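Sequence positions, counted from 1, serve as the residue numbers for this chain. Treat the numbers as computed from the prediction; the structure is a model and nothing was measured.
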Amino acid sequence: MKWRDLTLVDFHEEYLLAVSCDSTGGIGDKPHDLIRTSPFIVGYHTAKVALMELLCVHGEPLLLSSTLSVEMNPTGAEMMRGIHTLLKEYDPMHSIALTGSTEENFHVSATGLGVTVMGRIEKRQWPLKKSLAQDVAVMVGEAKCGEEVLKTEKEKILMLHHVKTLRDLPYVREVVPGGSRGMANEIALVESASKIRFLPAEGVKPLLHQSCGPASALLVTLGKEHLKDLQETLNIPVHVLGVFC
């Protein structure tokens with residue numbers, strides 16, 4: 001079955017198998033890349049998106065597969081260094097299994113990478129909590145895409161530990177990674193699933209349609225009485241988007 005961008009398979013009496021993925025192209029340091037950055041950054045952020053989608057639904061990652069459409073040395077090795085750095089941030093013991101492949105038959109002039117993460121979700125965590133009428137919707141982090149991501153101040157960057165913190169807060173209902181279609185798309189999915197309607201706060205409509213690039217921000221829903229608690233818990237920006245009714 002599908003849950004947003006995740007594929008779920010009922011394979012065990014206690015667990016669901018969960019698969020998430022992300023890809024990138026034209027971003028790197030090769031001659032035909034459109035956005036110039038290091039392969040390390042490409043590997044880090046592409047893996048971050050796939051891993052974040054799993055963590056947002058209480059998933060436990062077990063394996064990461066990287067399909068690198070570049071040669072191993074030097075580009076692929078730097079991408080893998082970025083992926084390893086991300087995994088160590090999530091788990092200092094780095095217990096997630098790795099597999100992958102590179103392109104060694106042809107000379108490549110543009111960067112490409114695909115990342116797939118497989119994990120499991122305890123069935124006691126499923127189905128997930130749904131948003132309710134009178135809940136507030138907030139954006140945690142900053143809606144950034146492309147070169148904007150590279151220029152984001154370090155203290156405003158959404159990290160994996162923020163996701164784990166949010167998922168453990170009892171008053172948080174939903175945690176959803178922002179995508180390329182912006183918060184408006186994620187809010188529409190919440191409205192449909194929970195049969196509620198969203199009323200945007202004054203002046204936020206432009207923000208709702210900004211791309212969140214490589215999951216640079218999260219949509220979080222919670223009871224409005226806990227909004228101050230959330231703002232005091234996190235050390236990155238929290239933007240109030242509106243309320244559900």
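Classified by interplanar angle (parallel below 30°, tilted 30° to 60°, perpendicular above 60°), the ring pair Y171/H226 is parallel. Taking the six-membered ring for Trp and thresholds of 30 and 60 degrees, Y44 and F40 have nearly parallel ring planes, at less than 30 degrees apart.
No path of Ile, Leu, Val, Met, Phe, Trp and Tyr side chains, each step under 4.5 Å between heavy atoms, connects V240 with V243, placing them in separate hydrophobic clusters. Hydrophobic clustering, with ILVMFWY side chains joined whenever heavy atoms are under 4.5 angstrom apart, keeps L227 apart from L241. Hydrophobic clustering keeps L219 apart from L6 (ILVMFWY residues linked when any side-chain heavy atoms are closer than 4.5 Å, directly or through intermediates). Hydrophobic clustering of Ile, Leu, Val, Met, Phe, Trp and Tyr side chains at less than 4.5 Å, counting indirect connections, unites F198 with V190. In the hydrophobic clustering of ILVMFWY residues, with side-chain heavy atoms under 4.5 Å counting as a link, V49 and L64 come out apart.
Contact check for R81 versus H84: no side-chain heavy atoms found under the 4.5 Å cut-off. Using a 4.5 Å cut-off on side-chain heavy atoms (C-beta onward), L132 and R173 make contact. Side chains of M79 and T46 form no contact here, defined as non-hydrogen atoms less than 4.5 Å apart. Residues C245 and R197 form a side-chain contact, since some pair of their non-hydrogen atoms from C-beta on lies under 4.5 Å apart. Annotation: side chain of H162 is not in contact with side chain of T165 (no heavy-atom distance under 4.5 Å). Counting heavy atoms from C-beta outward, C56 and V163 have side chains that approach closer than 4.5 Å. Using a 4.5 Å heavy-atom threshold, the side chains of E122 and E60 count as separate.
Heavy atoms from other residues, nucleotides or ligands lying under 6.0 Å from NZ of K164 number more than 12. With a 6.0 Å radius and a threshold of 12 heavy atoms from other residues, nucleotides or ligands, K205 has its NZ atom at or below the threshold. Dense packing is recorded around CZ of F11, with more than 12 heavy atoms of other residues, nucleotides or ligands lying under 6.0 Å away. Around the CZ atom of R181, the shell of radius 6.0 Å holds no more than 12 heavy atoms that belong to other residues, nucleotides or ligands. Within a 6.0 Å radius of NZ in K228, other residues, nucleotides and ligands contribute 12 heavy atoms or fewer.
The side-chain contact (heavy atoms from CB on, under 4.5 Å) search around A110 returns H32, D33, not counting sequence neighbours.
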Subject >> Trace of the side-chain contact (heavy atoms from CB on, under 4.5 Å) decision for K2 with T7 >> reply: CA-CA 5 Å; K2 293 289 292 183; T7 297; 3.4 Å; yes

**OP:** Go through the steps for L222 and V136 under the test side-chain contact (heavy atoms from CB on, under 4.5 Å), then give the verdict.
**Re:** CA-CA 6 Å; L222 66 156; V136 65; 3.7 Å; yes

Subject >> side-chain contact (heavy atoms from CB on, under 4.5 Å) between K123 and H12, worked out >> reply: CA-CA 9 Å; K123 286 185 176 178; H12 187 275; 5.9 Å; no

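No donor-acceptor pair closer than 3.5 Å links the side chain of R120 to the backbone N or O of L16. For the pair S109 (side chain) and P31 (backbone), a donor-acceptor distance under 3.5 Å is absent. Side-chain atoms of K48 do not come within 3.5 Å of backbone N or O of S216 as any donor-acceptor pair. Using modelled atom types, one side-chain atom of E104 and one backbone atom of M72 make a donor-acceptor pair closer than 3.5 Å. Formation of a donor-acceptor pair under 3.5 Å by the S180 side chain with backbone atoms of S211 is not found in this model. Checked by atom type and distance alone, the side chain of E103 pairs as donor or acceptor with a backbone atom of N105 at under 3.5 Å. In this structure a side-chain-to-backbone donor-acceptor pair under 3.5 Å is present from R36 to K30. With hydrogens and angles ignored, the 3.5 Å screen pairs no side-chain donor or acceptor of S194 with any backbone N or O of K130. In this structure a side-chain-to-backbone donor-acceptor pair under 3.5 Å is missing from E78 to P39.
Considering every non-hydrogen atom in both L113 and S66, the closest pair reads CD1-CB, 4.4 Å. Across I236 and I157, no two heavy atoms sit closer than the pair CG2-O, 3.8 Å. Here the closest heavy-atom approach between residue P214 and residue K144 is recorded as CD-O, 4.1 Å. Residue P200 comes nearest to L208 through the heavy atom pair CB-CD1, 4.2 Å, listed as atom of the first residue, atom of the second, then distance. Annotation for K129 and L169: closest pair NZ-O, 4.5 Å, computed over non-hydrogen atoms. The heavy-atom pair separating V115 from I83 by the smallest distance is CG2-CD1, 4.5 Å.
Here the straight-line distance linking atom CD1 of I96 with atom CG of L51 works out to 5.5 Å at 0.5 Å rounding. Here the CG atom belonging to L158 is positioned 4.0 Å from the CE atom belonging to M52, to the nearest 0.5 angstrom. Summarising the geometry, atom CG belonging to L166 is positioned 8.5 Å from atom OG1 belonging to T233; distances are rounded to the nearest 0.5 Å. To the nearest 0.5 Å, atoms CG (D22) and OG1 (T24) are separated by 7.5 Å. Distance check: D29 CG to I41 CD1 gives 11.5 Å after rounding to the nearest 0.5 Å. We find the CD-NE2 distance between E89 and H161 to be 8.0 Å, quoted to the nearest 0.5 Å.
Looking at L17, L128, L8 one by one, the single match for side chain to side chain contact (heavy atoms under 4.5 Å, CB included) with I121 turns out to be L8.
Contact check on R4 versus E53 returns no salt bridge, with no Lys/Arg side-chain nitrogen under 4.0 Å from an Asp/Glu carboxylate oxygen.
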